[in-house]
Each structure stands twice: as C-alpha cells, then as structure tokens.
Enquirer: 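Below is the structure I would like to discuss, written out as structure tokens.
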Amino acid sequence: NINPDIAKYWLTINKINESVKDAYKKIRKKYGYDLIGEIGYVADSEGNALKNVSDITDLVIKELKR
C-alpha cells in the first residue's frame with residue numbers, strides 16, 4: 001500500500017504533477033493558450049466570470065495517456 005506517510009507516495013505525487021505540467025505546456029504550445037484555469041474562475045478585470053472559456057480537459061487527458 002502507498003500512503004502519505006512514506007516517501008514513495010510523495011515521489012509518485014511529484015511524478016504525476018510533473019506529467020500534468022508537461023501536458024499543460026504541450027497543450028498551451030499546440031493551441032496557443034496563454035492561460036489555463038478552472039472554468040468559472042477565469043474572470044475579467046471586473047471579476048465577472050468569462051463565458052467563452054474553452055474546456056481543454058479532454059485534450060490534457062489525451063496528452064497524459066501518451
């Protein structure tokens with residue numbers, strides 16, 4: 001079993017985080033995104049949530065599976 005009390009857990013978490021960051025970088029480069037954020041939390045200068053935000057979840061998951 002793997003749990004937060006052992007080093008292997010944190011090494012695994014770090015590896016996953018690095019993989020996700022690499023996937024984001026590839027998606028940003030390929031599609032020209034300059035910001036990646038959670039839908040509903042990306043706002044204009046007045047704090048209004050933007051309506052036309054692309055959902056790239058499927059693209060990131062596809063990139064992670066490579």
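Just the heavy atoms: all of them, side chains too, but no hydrogens, waters or symmetry mates, feed the values below. Numbering of residues begins at 1 and proceeds along the displayed sequence.
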Enquirer: Just how far is it from atom OG of Ser19 to atom NZ of Lys65, taken to the nearest 0.5 Å?
Expert: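 Ser19 atom OG to Lys65 atom NZ measures 14.5 Å (nearest 0.5 Å).
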Enquirer: Applying salt bridge (Lys or Arg N to Asp or Glu O under 4.0 Å) as the test, list every pair that has at least one member in residues 6-17; sequence neighbours left out.
Expert: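 Sorted result for residues 6-17: empty, none.
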Enquirer: Are Leu11 and Ile16 grouped together when hydrophobic residues (ILVMFWY) are joined by side-chain heavy atoms under 4.5 angstrom apart?
Expert: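 Different clusters.
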Enquirer: Which residues pass the salt bridge (charged side-chain N to carboxylate O under 4.0 Å, His left out) test with Glu18, not counting sequence neighbours?
Expert: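 Lys21.
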Enquirer: Give the table of side-chain donor-acceptor pairs shorter than 3.5 Å for residues 52-61, with sequence neighbours excluded, one pair per line with atom names and distance.
Expert:
| unit_1 | atom_1 | unit_2 | atom_2 | d |
| --- | --- | --- | --- | --- |
| Asp55 | OD1 | Thr57 | N | 3.0 |
| Asp55 | OD1 | Thr57 | OG1 | 2.7 |

Enquirer: Under 4.5 Å between side-chain heavy atoms, hopping through other hydrophobics if needed: is there a path connecting Tyr33 to Tyr24?
Expert: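 Both belong to a single hydrophobic cluster.
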